[in-house]
J.: 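I have a structure I would like to understand better, so I am pasting it below and will then ask my questions one at a time.
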Amino acid sequence: MGPLLETIHSPADLKRLNPSQVTDLAAEIRECLIQTLSKTGGHLGPNLGVVELTLALHTVFDTPTDRFVFDVSHQAYIHKILTGRLDRFSTIRQPGGLNGFMLRTESQHDCYGAGHAGTALSAALGMAVARDLAGGKEHIVAVAGDAAFTNGISFEALNNIADQTKRLIVVLNDNEWSIDRNVGAIARYFHRIVTNEHYNRLHDSARRIVEKIGGRTAVEVVRRAEEAAKSMLWPSIMFEEFGLTYYGPIDGHNLPLLIESLKFLKTENRPVLLHVLTQKGRGFQPALDGQKKFHGLGPYDPETGITKPAGVPTYSEVFATTLAKLADKNDRVVAITAAMPNGTGLDLFRPHHPRRYFDVGIAEEHAVIFAAGMATRGYRPFCAIYSTFLQRAFDPIVHDVALQKLPVVFCMDRGGLSGDDGPTHHGLFDISYLRGIPEMALMAPKDEDELADMMATALTIDGPCAIRYPRGAVAGVDCKPEPLPIPVGKAEVLADGSDVAILGLGPMTTLARELAERLEQDGFSAAVINPRFVKPIDRDTISQYAHSVAAFVTFEDHVKMGGFGSAVLEVLQEIGSSVPVVRIGWPDHFIEHGKIEGLRAKYGVSVNEAYTQVSPLLHSRKRRTLVAS
Ligand SMILES: Cc1ncc(C[n+]2csc(CCOP(=O)(O)OP(=O)(O)O)c2C)c(N)n1
């Protein structure tokens, strides 16, 4: 750790440094980020881009009284370092350590938690209005990336800001990247501003003024700063039309310029937007060369940026290559992503069918309604959206897709616990939020071969359907050269048995098999079932086992409430069966970040827990049978 960084225990320590020390501190922070994240993984690129911006914010404002709302908050690592969490920074994203995003429970300096994009402006406006009502004086600053402006919520907030408050500072952190390159008209609009000659001239004169500031009296500095900031004024029609005074764009790595600009904006009595240009990955060549990869990644070599080669393919990759195959045969198949071409694997689809690939920006609601529109014209859209982000699109799924019985396929990557990212990213609610929607079919494959089959099956369904599959490596089974549709609503019985029926949803069939083995060692006969469909659920198979077994066990990587086990309970209740069901899944509780195995053990999403709960039921029937005979 650098000598200056060691002295920073709170923002007050930063404020004691002189300008040249703050510049040195920026270099130390970059080194700390590169070294620490090489071990823990994390959002390196976005954070390297906002070192100076965060230093400037904490120099000019006073948290926790003033409030910073970071959009997504994946770029808040420096904020964490400066606000008393340096000593725990090496624990970031580790079990029991700091979260990778802002958390209100983690620090009084984290005024607002996030993980999903597009919320900063609305939340900051809410805080500003609350301050105005209470007669407060504090400053509210929203920091949002350029890609956050591809999201509808940001525009809903923009539409509302000038009507609601006179004091709000929005910082647009423009690095021209989302995770992939930012897309769409807004991205092009920002680019036009940045490459405008007029701006370049103003920017240079502003920089020169700020550079001359050193050594003047405080009053002069303020006046000069005002002059500098004003000279940067470049009428940007869009933000001005929304009623925000636009400043910039300015170099987001020029500390004095940032500091003086923010000092000036602090005095403004109208909502303002400061357009700051930053470079994602600044200070680490591998991150500059590999913007996408270094947006967020696991451990890497801090010298070369090299990461361990991934041995086994991921579910995302199998999804994308299968979709390309399906699209080869069916020219109505189209692929839609909401700013996640890399994460969903659709990067691999794009070169095969560039005209049938659509990245709509961070706009999940739009993605779903756009898919609905295409489906009305005979296309078969596959919407690849992480389970957690599809939460955004609940109403479009109900109102636009299901109600009109349109054949849109929702491919829900990261269905299940996501691990290191934590509660904002776990995909633990999709079964509950989709199961109750009429017309919806919902599948979960036990392995990659079945994922491909389910995608082929989706094309045979005349209405909406969803497929949930987990993050990460596939099971490693042999895959058929061509996927084949499976019978809709039919479970797969992997092993027959008469004492207990164990249903393992998706890859949880592995746990079902393990439990069956243990119970068989105790002398019980266990059926192992791969349900395949949460909806329509296979009532016949459940009813059949309800006549013979002493208990059912359900395993799911989902909250128990409203999940697959609940669906089984509903069937049993409807057929008048009183066979008990041991449901294994996540409790009614937000699950923290951590390693998947550790969290499963902690919360009893395990074979052990199932065994503990089901054994007494099986032994009790055995005893009753012995007594009866
Ligand atoms: C609703 C939602 N969809 C997708 C994501 C995944 N995601 C995380 S960060 C990010 C890009 C953010 O880009 P930008 O806001 O420009 O910030 P930068 O990383 O470039 O600093 C995306 C798409 C998300 N967090 N939330």
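Just follow the structure's listing: the first ligand is 1, and inside any ligand the first atom is 1. Position 1 is the first residue of the sequence, and the numbers go up from there.
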J.: Report the part of F389 in contact with ligand 1, treating N, CA, C, O as backbone and CB onward as side chain, heavy atoms under 4.0 Å; options are side chain, backbone, both, neither.
T.: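 Side chain only.
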
J.: Among F70, F89, F61, F101, which residue meets the ring-ring contact (aromatic ring centres under 6.0 Å, His included) test with H79?
T.: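 The option that passes is F70.
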
J.: Which residue holds the protein heavy atom closest to atom 19 (O) of ligand 1, what is that atom called, and what is the gap in Å?
T.: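 The answer is H74 NE2, 2.7 Å.
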
J.: Assign the ring pair F190 / F239 to parallel, tilted or perpendicular, where the plane angle (0 to 90°) is split at 30° and 60°.
T.: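 Rings of F190 and F239: parallel, as their planes differ by under 30°.
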
J.: In ligand 1, which numbered atoms sit nearer than 4.0 Å to a non-hydrogen atom of N175?
T.: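 Listed by number with element, the hits are 18 (P), 20 (O), 21 (O).
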
J.: Looking at ligand 1, is there an atom of it that comes within less than 4.0 Å of some heavy atom belonging to A148?
T.: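 Contact check A148 vs ligand 1: positive.
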
J.: Any atom of ligand 1 sitting under 4.0 Å from a heavy atom of G115?
T.: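 The answer is yes, since G115 has a heavy atom less than 4.0 Å from ligand 1.
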
J.: Near R392, which atoms of ligand 1 are under 4.0 Å from a heavy atom of that residue?
T.: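 Counting from 1, the qualifying ligand atoms are 1 (C).
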
J.: Just to confirm my output: which protein heavy-atom neighbour is closest to atom 3 (N) of ligand 1, and how far is it?
T.: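 Heavy-atom neighbour on the protein nearest atom 3 (N) of ligand 1: E364 OE2, 2.7 Å.
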
J.: Using only heavy-atom distances, determine whether the side chains of Y246 and H275 contain a donor-acceptor pair under 3.5 Å.
T.: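 There is such a pair (donor and acceptor under 3.5 Å, judged by atom type) between the side chains of Y246 and H275.
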
J.: A147 to ligand 1: N or O pair under 3.5 Å?
T.: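 In this structure, A147 places an N or O atom under 3.5 Å from an N or O of ligand 1.
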
J.: Atom 6 (C) of ligand 1: which protein heavy atom is closest, and how many Å away?
T.: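 The closest heavy atom on the protein side is M340 SD, 3.5 Å.
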
J.: For the rings on H295 and H74, is their centre-to-centre separation under 6.0 Å?
T.: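 They qualify: ring centres under 6.0 Å apart.
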
J.: Side-chain contact test, heavy atoms from C-beta onward, threshold under 4.5 Å: evaluate it for I467 versus F410 and give yes or no.
T.: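 Not in contact.
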
J.: Give yes or no for whether the N/O distance cutoff of 3.5 Å, strictly under, is met between I179 and ligand 1.
T.: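 No: no nitrogen or oxygen of I179 is under 3.5 Å from one in ligand 1.
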
J.: Compute the minimum heavy-atom distance from D146 to ligand 1 and say whether it is under 4.0 Å.
T.: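 So D146 counts as touching ligand 1.
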
J.: With heavy atoms only and a cut-off of under 4.0 Å, state how H43 meets ligand 1: side chain, backbone, both or neither.
T.: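 Neither part.
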
J.: Using the salt bridge (charged side-chain N to carboxylate O under 4.0 Å, His left out) definition, which of the options R85, R67, R104 pairs with D110?
T.: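 Of R85, R67, R104, salt bridge (charged side-chain N to carboxylate O under 4.0 Å, His left out) with D110 is met by R85 alone.
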
J.: Is Q75 in contact with ligand 1, taking contact as a heavy-atom separation below 4.0 Å?
T.: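 Contact absent.
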
J.: Strictly under 6.0 Å, is that where the ring centroids of F389 and H425 end up?
T.: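 Here the rings of H425 and F389 have centres that are less than 6.0 Å from each other.
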
J.: Show your working on salt bridge (charged side-chain N to carboxylate O under 4.0 Å, His left out) between E106 and K80 and close with a plain yes or no.
T.: CA-CA 10 Å; E106 197 177 278; K80 293 194 185 221; 2.8 Å; yes

J.: Test of understanding: given a 4.0 Å heavy-atom threshold, classify the contact between I362 and ligand 1 as side chain, backbone, both, or neither.
T.: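 It is the side chain that gets close, since no backbone atom is under 4.0 Å.
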
J.: Can you check whether H425 has an N/O within less than 3.5 Å of an N/O in ligand 1?
T.: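 Such a contact does not occur with ligand 1.
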
J.: Should you measure from each heavy atom of A117, which atoms of ligand 1 turn up under 4.0 Å away?
T.: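 So the answer, numbered in order with elements, is 1 (C), 2 (C), 24 (C), 25 (N), 26 (N).
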
J.: For the ring pair F68 and H58, is the centre-to-centre distance below 6.0 Å?
T.: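 When the ring centroids of F68 and H58 are compared, they turn out to be within the sub-6.0 Å range.
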
J.: Is the H366 to F370 ring centre distance short of 6.0 Å?
T.: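 That pair passes the under 6.0 Å test.
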
J.: Is there any N or O on H116 that sits under 3.5 Å from an N or O of ligand 1?
T.: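 H116 vs ligand 1: no N/O contact under 3.5 Å.
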
J.: Suppose we measure from atom 18 (P) of ligand 1 to each protein heavy atom; which comes out shortest, and what is that distance?
T.: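 Scanning the protein heavy atoms, the shortest distance from atom 18 (P) of ligand 1 goes to K280 NZ, 3.5 Å.
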
J.: Could you tell me the separation between the CZ atom of R30 and the CG atom of L5, rounded to the nearest 0.5 Å?
T.: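 Taking CZ in R30 and CG in L5, the distance rounds to 13.0 Å.
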
J.: Which of these passes side-chain contact (heavy atoms from CB on, under 4.5 Å) with M412: I385, L442, T388?
T.: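 Only one of I385, L442, T388 forms a side-chain contact (heavy atoms from CB on, under 4.5 Å) with M412, namely L442.
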
J.: Atom 11 (C) of ligand 1: which protein heavy atom is closest, and how many Å away?
T.: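 Atom 11 (C) of ligand 1 sits closest to the protein heavy atom S178 OG, 3.4 Å.
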
